[in-house]
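A short worksheet on the structure shown next.
Positions are given from 1, in the same order as the sequence printed here.
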Amino acid sequence: MPTLLPFVRGGATKKVKSAASSAASGGSSGSSSGGGTMQAFQKKFGGGSGGGQQQGPEQAAAALAGKRLIPGQGLPHVTLHTVQGGVIEVGAPTGKWQLIVVYRGKHCPVSRNYLASLQQIIYELDDLGVEVLALTADGREKAEAFLDSLRATTETKEITYRIAYGLKLTDMHKWGLYVSHPRNIRETEHPFPEPAMFLINPEGQVQIAEYSNSPFCRPDLRIMIEGIRYIEENDYPVRGTYGF
C-alpha cells in the first residue's frame with residue numbers, strides 16, 4: 001500500500017528549522033517580486049491570515065459554513081461531470097450503497113496516495129455492493145492529470161471508480177466541508193475542500209459523515225470496509241442523530 005506521506009524525508013526537520021530561523025531574523029526565503037505576486041493572489045481570492053473582510057463568493061456562503069450534514073438526512077444533490085465521461089447527480093438515491101470521497105485536489109500528494117490505496121481494496125467494496133466516487137473542486141484538466149498520476153501510482157495501473165470535478169464553493173458549504181485557501185499560486189488557484197467521506201445508504205440517506213480540516217487525518221479504509229459489512233449484515237442504524 002502506498003506511503004500516505006510521500007513528502008516526509010529525513011531533511012524535513014532541517015528545512016523547518018531553517019525557515020524558522022529566517023523568520024526570526026526578519027529574512028525571507030522568496031524574492032520581493034514573489035511577495036508581490038502572493039499579495040495580488042490574496043487580494044483576488046481573499047486569502048491570507050490578515051483577518052480581512054470576506055469578499056465575493058465567500059461572503060454569500062458564510063451563512064452555510066460550519067454546518068455539518070445531519071446523519072440520516074439526504075446529501076444535497078450536486079450535478080458534476082466525471083473525468084471518465086458523462087454527468088452524475090451526486091447524492092441521488094441509486095438503490096445501492098455509495099461511498100463518496102472528497103479530495104483536496106491535484107496539488108495534494110496525500111490525496112493521491114490515499115485514493116491509490118482505495119483502488120487496492122476496491123474489489124472488497126464491489127463485493128459489498130458499494131459504488132465509489134471521488135470528487136474535487138479542480139477543473140477538468142487538473143482532474144484528468146490527477147487521474148493519470150493515480151494510475152501511475154497503483155500496481156495495476158488502473159482506476160475503476162469514477163472521479164468527478166468542478167465542485168463549487170457554495171456546494172462545499174452545503175455539505176459542511178472545511179474549505180481552505182491556497183497557500184500560494186503554485187498550490188492551486190481557487191479555494192478547495194479539505195478531505196471528507198460520506199457513506200450513503202440505498203435510501204439516499206447519510207449513514208456516515210466524516211470530516212477533516214487537514215490532509216493528515218482520514219478514515220482508515222480497512223475499518224470503513226469492516227464497518228460497512230457490519231452495517232449491512234446487522235441492519236445497523238444511523239448513529240449520531242440525538243438532538244436533531
Side-chain angles (χ1 to χ4, degrees), residues 1-8 47 58 61 64-71 75-76 78 80 82-83 88 90-91 97-122 125 130-139 142-143 145-147 149-151 153-154 159 161-184 186-200 206-228 239-240:
M1 188 170 287
T3 301
L4 293 182
L5 303 179
F7 48 82
V8 175
E58 281 198 353
L64 295 172
K67 294 184 178 180
R68 309 289 168 243
L69 294 177
I70 298 175
L75 184 73
V78 175
L80 298 173
T82 68
V83 176
I88 183 171
V90 186
W97 291 90
Q98 302 174 64
L99 187 65
I100 299 172
V101 183
V102 180
Y103 72 93
R104 304 174 82 229
K106 174 181 176 291
H107 65 279
C108 180
V110 185
S111 294
R112 181 183 65 245
N113 287 322
Y114 187 76
L115 289 174
S117 298
L118 178 62
Q119 177 61 39
Q120 292 187 358
I121 48 88
I122 197 70
L125 291 167
V130 180
E131 299 175 338
V132 178
L133 173 71
L135 57 86
T136 178
D138 280 346
K142 285 190 175 182
F146 182 80
L147 176 57
S149 68
L150 264 184
R151 288 173 174 150
T153 304
T154 62
I159 297 297
Y161 55 82
R162 289 177 293 179
I163 295 179
Y165 60 90
L167 186 66
K168 297 179 180 178
L169 181 62
T170 52
D171 293 322
M172 297 180 213
H173 285 311
K174 286 179 182 178
W175 286 7
L177 303 178
Y178 290 103
V179 180
S180 291
H181 284 284
R183 295 182 300 165
N184 52 56
R186 294 184 301 277
E187 191 170 57
T188 190
E189 69 283 357
H190 56 77
F192 60 88
E194 292 296 342
M197 182 180 288
F198 304 108
L199 178 66
I200 310 300
V206 177
Q207 184 85 23
I208 297 176
E210 180 72 22
Y211 296 94
S212 178
N213 71 316
S214 165
F216 311 119
C217 185
R218 305 176 191 233
D220 185 295
L221 293 173
R222 173 54 51 195
I223 294 176
M224 178 62 72
I225 287 176
E226 295 305 321
I228 295 172
R239 310 305 289 161

Original post:
ring pair (Phe, Tyr, Trp, His ring centres under 6.0 Å) between Tyr114 and Phe216: does it pass, once the steps are laid out?
Top reply: CA-CA 10 Å; Tyr114 187 76; Phe216 311 119; over 10 Å; no
Subject >> Full working for side chain to side chain donor-acceptor pair (under 3.5 Å) between Lys142 and Thr188 >> reply: CA-CA 10 Å; Lys142 285 190 175 182; Thr188 190; 3.2 Å; yes
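Defined by atom type and a distance below 3.5 Å, a donor-acceptor pair is present between the side-chain atoms of Glu194 and Ser180.
Taking both residues in full, the closest heavy atoms of Pro215 and Pro195 are given as CA-CG, 4.0 Å, listed atom of the first, atom of the second, then distance. For the residue pair Val90 and Leu135, the shortest heavy atom distance occurs at CG1-CD2, 4.0 Å. Across all non-hydrogen atoms, the minimal contact from Tyr211 to Trp175 is OH-O, 2.6 Å. In terms of heavy atoms, Tyr161 sits closest to Ala134 at CE1-CB, 3.9 Å. Smallest separation of non-hydrogen atoms from Arg162 and Ile88: NH2-CD1, 3.3 Å.
Every residue two or more places apart in sequence or in another chain that forms a salt bridge (charged side-chain N to carboxylate O under 4.0 Å, His left out) with Arg151 is listed here: Asp148. The side chain to side chain contact (heavy atoms under 4.5 Å, CB included) test applied to Thr154 returns Ala116, Gln119, Thr156, Ile159, not counting sequence neighbours.
Annotation: side chain of Ile70 is not in contact with side chain of Val206 (no heavy-atom distance under 4.5 Å). For the pair Leu177 and Leu167, the minimum side-chain heavy-atom distance is below 4.5 Å. Under the 4.5 Å side-chain criterion, counting only non-hydrogen atoms from C-beta, Glu210 is not in contact with Met224. Contact annotation: the side chain of His173 never approaches that of Thr170 to less than 4.5 Å [non-hydrogen atoms, C-beta and beyond].
With hydrogens and angles disregarded, no donor-acceptor distance shorter than 3.5 Å links the side chain of Asp171 to the backbone of Val78.
Residue His190 holds its NE2 atom at 11.0 Å from CG of Leu169, rounded to the nearest 0.5 Å.
Residues Tyr165 and Phe146 keep their aromatic ring centres 6.0 Å or farther apart.
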